[in-house]
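A, B, ... follow the sequence lines: proteins, then strands. Residue 1 opens every chain. Not measured: the values here are computed from a predicted model.
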Protein chains: 2
Amino acid sequence: MPEARRRPPGSTDVARLAGVSQKTVSRVINGEPYVSDEIRQRVLAAARELGYRRNTAARALNLGRFHRIGVASLGSSLYGPASMLIALERHAREVGYALSVVNTMEGDDTGVVNAVETLLEQGVDGIVISEPIVAEQELRIDASVPVLSFGPVAGLDAPQVITPGPSGVDAGREATEHLLRLGHATVRHVAGPSRWWAARDRVRGWREALAAAGAPEPPPLEGDWSPASGYAAGRVLAADREATAVFVANDDMAIGVLHALAEAGRAVPEDVSVVGMDDVPAAAYLSPPLTTVRQDFEAIIAHGLALLLERIEGGSRVAVHDTPVTHLVVRRSTSPPKEKR
Amino acid sequence: MPEARRRPPGSTDVARLAGVSQKTVSRVINGEPYVSDEIRQRVLAAARELGYRRNTAARALNLGRFHRIGVASLGSSLYGPASMLIALERHAREVGYALSVVNTMEGDDTGVVNAVETLLEQGVDGIVISEPIVAEQELRIDASVPVLSFGPVAGLDAPQVITPGPSGVDAGREATEHLLRLGHATVRHVAGPSRWWAARDRVRGWREALAAAGAPEPPPLEGDWSPASGYAAGRVLAADREATAVFVANDDMAIGVLHALAEAGRAVPEDVSVVGMDDVPAAAYLSPPLTTVRQDFEAIIAHGLALLLERIEGGSRVAVHDTPVTHLVVRRSTSPPKEKR
DNA sequence: CTGGGATATGACTACGTAGTCACGGAGTTG
DNA sequence: CAACTCCGTGACTACGTAGTCATATCCCAG
């Protein structure tokens, strides 16, 4: 009869087969010096034969480190968050860390802070809060590990909370400046939900650009990142003959805006210029193709993660501070305003 | 001076503070019976005071189980994969499992099989391959844990590879039947990359529907899921006056198709009807709003994960087999063909 | 009032890894 | 050739948890 499934082989089993001590196996596996070539080969052969994989639980227990970083995400399938997660995974893996993900569904009262708690219980050496929002409650959490957040997080009591500069401000400024340069008197804004710091940053960039140009600041509209909310905002804009230029806080909402404008018979870009943000793959294939601002998620993550690792590993690694940049992609949805009457 | 950071408190520390044995703390933490209420309260108070969190590494080492499942993903920010991941995380968390993610960037020669190996090294009790593709090489991996895959995976040698029925077939059939019912003589297809099983399933559903209706089967076009590839396919379709109906394997490509058709002056749906797949949030706000097929990711994942857990936990849990369904969403991009001349 | 089950608690131990230290031999230097 | 250093190896141990088994009460039935 088939045996009850036995435990996977350990370094002790490898040691026995290779005729060496367990410690020597450990040395070989970790590539430590002071092992003769002959023994090294014997151990590797034995390990291969047994299908040995080192037990990360035992390793973590011994070292007191998990070699794992956790991501507290909002769990949306939006392009931005999804891209962040992918970049995070890649960079974490590159520096030898595994990645845990915990989502906090939007509308969930538990919130980001609870996701952090869940990660801490799972065992991680560091935490990334990928889309920080304004904390809905004042739950105090004592995070015993460094936390990287792209915006302030209330209620979090961590030894080191790291917050790289918000690059969304640059993006908002760039989009707005582009429209102003084209000659528009001012620029409307369809913002993301104000609970999101990313949304606030874009508002700030938009404000700064208007102020710098001495343009009047019209009241911003607010959506929830969804095309549906963009559509609602678009209907408001379509009704306003003064509105000739809009900066929309993400491409999804911009799609809704475009649809509303088309429906109302307002031509883009002749009557209204539209700038989105994110440069989703579909942006170039809308009607008209959408001018938008692209963020370099790779650079943002690389930068932030380097800071985080510096804290985790006690400054042993050199942090490469390649400053994240934003990049305006001009397509056909923007143009100078029509001749003034 | 500040102490060197000391280890986090363990059950022993809690035990000392509460004046009980370490084992009793373990019992309280795990909610085991046979602990007096008074002691239970004392222990909980002590744990709270010290900020105790049980060490998962020690727990995993002791039990030989990680309470963690791993996802091998392709690392795209597409709507489908992103939604799968979110559903996975939610369901895993609900049954008390943590989630590890490893991506294998498309074009990476290492492939899915290597991602599986990485997960095994990280320590997981089960693995989900969320977007299986046809293995590019014959690397044999000995996965010592159950693997859930939504399609065959070559080169994987696992004790139990679980493959729930491919629901993409239903989706393809449903989309095609809808177009045929409207009166189109036949339906063109813009497929996903043939390396993806999801793409193949949709092709199969399309074929089956055509065959069942006795409609001729035109040669399918192939894209890579991206709007750009959809645009290329759309230009081909636009040049073909016989093409009056298209089923596109995902909404992103459908956006490209719509753009190409509009550019060529072919009206949708008057000249060409288009059906997409996924029901991305933007689908309802395209011009025209896109008829599409929605998959119930939640149900697909719930179903698959139940099967996986059954294997992991030895049939202790009751698997709820709520059969995944697809759902056609009819919008304005489809209509009967124009009157025959 | 006595045997026996249910209840409550603790002592001891295994889990697999890698750090610490100890030891023996080879080579090198004064 | 004595004193010393570098190399290669192994014995022993800690890490924190939960399983196993032993022990100590207590209550109730016979």
Could you please name the option among [options] that lies closest to any side-chain atom of [X]?
X	options	answer
Asn55(B)	dT17(C), dG16(D), dT9(C)	dG16(D)
Ser21(A)	dA8(C), dA11(D), dT17(D)	dA11(D)
Tyr34(B)	dG16(C), dT9(C), dG16(D)	dT9(C)
Val35(B)	dG16(C), dT20(C), dT9(C)	dT9(C)
Arg7(A)	dG19(C), dC15(C), dA18(D)	dC15(C)
Arg27(B)	dG10(C), dT17(D), dT20(C)	dG10(C)
Lys23(A)	dG10(D), dG16(C), dG16(D)	dG10(D)

Under 4.0 Å: is that the gap between some side-chain N or O of [X] and OP1 or OP2 of [N]?
X	N	answer
Thr24(A)	dG10(D)	yes
Ser11(A)	dT17(C)	yes
Asn62(B)	dG16(D)	no
Ser26(B)	dT17(D)	no

Under 4.0 Å, counting only non-hydrogen atoms across every strand here, what does [X] touch: a base, just sugar-phosphate, or nothing?
X	result
Ile39(A)	sugar-phosphate
Arg54(B)	sugar-phosphate
Ile29(B)	nothing
Val25(B)	nothing

Atom [atom1] of [X] to atom [atom2] of [N]: distance rounded to whole Å?
X	N	atom1	atom2	result
Asp13(A)	dC15(C)	CG	C1'	12 Å
Phe66(B)	dT17(D)	CZ	C1'	14 Å
Asn30(A)	dG16(C)	CG	C1'	13 Å
Arg65(B)	dG16(C)	CZ	C1'	18 Å
Gln22(A)	dG16(C)	CD	C1'	7 Å
Arg59(B)	dC15(D)	CZ	C1'	17 Å
Leu61(B)	dA18(C)	CG	P	12 Å
Arg42(B)	dA8(C)	CZ	P	14 Å

Pairwise 5' ranking along DNA chain D for Arg40(A) and Glu32(B), keeping only the more 5' one: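 It is Arg40(A), whose closest nucleotide lies nearer the 5' terminus.
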Please give me the minimum heavy-atom distance between Pro8(B) and Asp13(B), naming the atom from each residue.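 Minimum heavy-atom contact is O-OD2, 4.5 Å.
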Quick check: closest heavy atoms across Ile300(A) and Gln295(A), and the distance to 0.1 Å?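 Closest pair (atom of Ile300(A), atom of Gln295(A), distance): CD1-OE1, 3.7 Å.
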Modelled atom types, side-chain donor and acceptor of Arg54(B) and Ser26(B), under 3.5 Å: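 Side chains of Arg54(B) and Ser26(B): no pair found under 3.5 Å.
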Side chains of Gln122(A) and His67(B) only: does a donor on one sit below 3.5 Å from an acceptor on the other?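 Side-chain D/A pair, Gln122(A) to His67(B): absent.
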As a quick check of understanding, evaluate side chain to side chain contact (heavy atoms under 4.5 Å, CB included) for Val116(A) and Ile129(A), giving each step before the final call. CA-CA 8 Å; Val116(A) 170; Ile129(A) 298 177; 4.1 Å; yes
Look at the side chain of Glu89(A) and the backbone N and O of Asn103(B), then say whether any donor-acceptor pair between them is shorter than 3.5 Å.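 Yes, Glu89(A) side chain to Asn103(B) backbone: donor-acceptor pair under 3.5 Å.
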Does Arg53(B) contact dG16(D) through a side-chain donor or acceptor facing the base, at a distance under 3.5 Å?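 A donor-acceptor contact between them is absent.
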